[in-house]
There are 2 protein chains.
Amino acid sequence: MARWEPDARGRLMLAALALYTERGYEQTTVADIAQRAGVTERTFFRHFADKREVLFDGSGMLQDTVVAAIAAYKEAPPLDVVGAAMERAAVAMQDRRDFARQRAAIIAATPSLHERELLKLATLGTAAAAALRDRGVPPVAAALAAELGVAVFKVAFEQWITCQLDFPACIRATLDELSALHSPSPAPRP
Amino acid sequence: MARWEPDARGRLMLAALALYTERGYEQTTVADIAQRAGVTERTFFRHFADKREVLFDGSGMLQDTVVAAIAAYKEAPPLDVVGAAMERAAVAMQDRRDFARQRAAIIAATPSLHERELLKLATLGTAAAAALRDRGVPPVAAALAAELGVAVFKVAFEQWITCQLDFPACIRATLDELSALHSPSPAPRP
DNA sequence: GTCTATAGGGCGATAGAC
DNA sequence: GTCTATCGCCCTATAGAC
């Protein structure tokens with residue numbers, strides 16, 4: 001028998017998700033989470049910088065996916081590149097809709113977690129802008145296109161967890177809405 | 001002589017701005033701020049919900065300006081409405097560029113403050129979306145247009161504090177960049 | 001793993017304005 | 001009398017230091 005149960009990190013994440021749902025984020029102490037995971041409080045802080053971070057473990061991977069997709073995409077206008085990258089990220093998240101929904105419910109109920117989520121998305125935007133610049137997109141256009149990409153992601157994510165469509169389809173629908181916003185007249189005469 | 005000096009709130013804001021600049025946000029305690037303002041620590045927390053909030057006193061007014069501008073603007077496509085509202089907000093901030101720059105420097109140096117700034121902008125976006133819906137814009141288009149408005153505001157703000165242009169001009173320039181992103185070919189044959 | 005400083009909330013007391 | 005701003009002290013949990 002091992003000296004410690006394996007995967008303390010995974011148990012801490014599950015315990016936090018469950019407790020935040022059961023009794024709310026603020027009513028849950030780090031000691032509670034550690035106890036349910038069968039480790040000490042100190043161990044929690046070895047794995048996660050703070051009490052919020054335990055819910056954001058996948059955000060680094062999401063960012064890597066987006067950045068890689070931007071770098072790899074064929075020659076195209078900046079907006080098409082970020083659109084395709086966001087769809088790619090959506091594909092990677094598709095099979096975790098129940099988790100995403102539970103997590104989103106906790107975050108929506110907790111301003112402090114909402115803040116952290118926004119920081120992660122902003123960091124993703126900054127990384128996306130850098131990846132666009134690496135493709136030769138001028139700085140301001142890159143910053144703007146990256147922000148639009150994140151905006152599309154946010155709106156599409158909201159759709160995804162509240163309706164039946166799958167995530168990539170929500171991204172495509174939101175990208176269509178974005179185009180429509182820029183040509184208010186349904187069909188400019190050809 | 002009054003029992004207390006008036007405007008404890010204003011003194012707390014000034015003291016916080018000065019101390020955060022002098023020695024950094026994390027190296028400043030609430031006790032330090034309270035002491036410089038001549039009140040107790042407890043009084044600080046009666047005026048501001050937390051140590052960050054003291055830097056975001058104006059954000060409610062900014063939001064009111066944007067929402068009012070959206071409600072009052074003439075019949076026009078959603079993107080034009082938010083664009084005009086952001087320009088209106090920029091006009092209102094124009095005369096506080098030095099303050100904005102000092103504040104931005106503190107925020108840029110402090111992830112925790114960056115988080116709070118993003119939350120305020122997200123809240124502004126939500127309010128702008130609601131104001132667009134009140135004008136009859138469909139929900140998804142409203143959410144997307146509001147996000148675009150905030151994106152333009154962020155990019156333009158960055159321009160404003162790093163270059164010589166005035167804020168409304170930065171907004172207009174960024175709105176032009178936004179249009180350009182959607183029509184990559186310089187001039188589609190008429 | 002233990003120790004400590006700080007954030008931030010709860011509660012009652014005080015003193016001025018009205 | 002009421003209302004409101006401030007104070008002071010006690011408390012817990014976070015998060016960093018040792």
Side-chain angles (χ1 to χ4, degrees), chain A residues 2-5 8-9 11-13 15-57 59 106-107 109-120, chain B residues 1-57 59-60 106-107 109-120:
Chain A
R3 187 135 87 106
W4 301 287
E5 293 301 315
R9 186 183 182 88
R11 276 180 291 131
L12 283 165
M13 292 193 293
L17 192 72
L19 287 167
Y20 292 170
T21 300
E22 283 169 27
R23 60 175 87 153
Y25 172 80
E26 272 141 28
Q27 284 65 49
T28 304
T29 71
V30 173
D32 295 334
I33 300 167
Q35 189 180 16
R36 178 172 298 203
V39 299
T40 68
E41 216 173 317
R42 190 70 189 75
T43 299
F44 179 95
F45 286 108
R46 254 195 290 275
H47 284 280
F48 305 101
D50 60 55
K51 193 183 158 190
R52 279 167 274 171
E53 202 62 20
V54 68
L55 279 185
F56 295 88
D57 201 57
S59 71
I106 300 170
I107 290 172
T110 316
S112 157
L113 291 171
H114 193 190
E115 284 187 347
R116 179 59 55 89
E117 169 109 311
L118 292 166
L119 182 66
K120 295 295 185 182
Chain B
M1 173 174 160
R3 182 141 96 105
W4 302 291
E5 293 301 314
D7 196 23
R9 186 184 182 87
R11 275 179 292 133
L12 282 166
M13 292 192 291
L14 283 177
L17 190 73
L19 286 167
Y20 291 169
T21 300
E22 283 170 27
R23 61 175 87 155
Y25 172 80
E26 271 142 28
Q27 284 64 49
T28 304
T29 70
V30 173
D32 295 333
I33 300 166
Q35 188 180 19
R36 179 172 298 204
V39 298
T40 68
E41 209 174 323
R42 207 63 200 79
T43 298
F44 179 94
F45 286 110
R46 236 170 253 104
H47 283 279
F48 305 101
D50 60 54
K51 195 182 158 190
R52 280 165 270 172
E53 202 62 19
V54 67
L55 279 185
F56 295 88
D57 200 58
S59 70
I106 301 170
I107 290 172
T110 316
S112 156
L113 291 171
H114 192 190
E115 284 187 349
R116 179 57 54 88
E117 170 107 310
L118 292 166
L119 182 65
K120 295 295 184 181

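To find a chain, count down the sequence lines: A is the first, B the second, and so on, and within it residues start at 1.
A salt bridge links B:Lys120 and B:Glu53; the closest N-O separation between the charged side-chain nitrogens and carboxylate oxygens is under 4.0 Å.
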- Task: For B:His47 and B:Thr43, run side chain to side chain contact (heavy atoms under 4.5 Å, CB included): C-alpha distance rounded to whole Å, both residues' side-chain angles, the deciding distance at 0.1 Å, then the answer.
- Result: CA-CA 7 Å; B:His47 283 279; B:Thr43 298; 3.9 Å; yes

- Task: Carefully, step by step, assess A:Phe56 and A:Ile107 under the rule side chain to side chain contact (heavy atoms under 4.5 Å, CB included).
- Result: CA-CA 11 Å; A:Phe56 295 88; A:Ile107 290 172; 4.0 Å; yes

- Query: Would B:Arg23 and B:Asp32 satisfy side chain to side chain contact (heavy atoms under 4.5 Å, CB included), going step by step from the backbone distance to the final call?
  - Reply: CA-CA 11 Å; B:Arg23 61 175 87 155; B:Asp32 295 333; 2.9 Å; yes

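Counting 5' to 3', DNA chain D first comes under 4.0 angstrom of a heavy atom of chain B and last does so at the ends given by D:dA5 to D:dC9.
Counting heavy atoms from C-beta outward, A:Arg9 and A:Asp57 have side chains that approach closer than 4.5 Å. Using a 4.5 Å cut-off on side-chain heavy atoms (C-beta onward), A:Tyr20 and A:Ile33 make contact.
Nucleotides of DNA chain C nearest to B:Asp50 and B:Arg46 differ in position, and the one nearer the 5' end is that of B:Asp50.
Per the geometry, CG belonging to B:Leu113 stands 13 Å off P belonging to C:dA7, to the nearest Å. Atom P of nucleotide C:dG8 and atom NE2 of B:His47 are separated by 17 Å, given to the nearest angstrom. Remark: C1' of C:dA7 and CZ of B:Phe48 are 16 Å apart, rounded to the nearest angstrom. As a whole-Å value, the separation of B:Arg116 CZ from C:dG8 C1' is 13 Å.
Near DNA chain D, meaning a heavy atom under 4.0 Å from it, residues 26-45 of chain A has A:Thr28, A:Thr29, A:Val30, A:Glu41, A:Arg42, A:Phe45 in order of number.
Closest non-hydrogen pair, A:Pro111 versus B:Leu119, comes out as O-CD2, 4.4 Å.
Under the salt bridge (charged side-chain N to carboxylate O under 4.0 Å, His left out) criterion, A:Glu26 pairs with no residue at all, not counting sequence neighbours.
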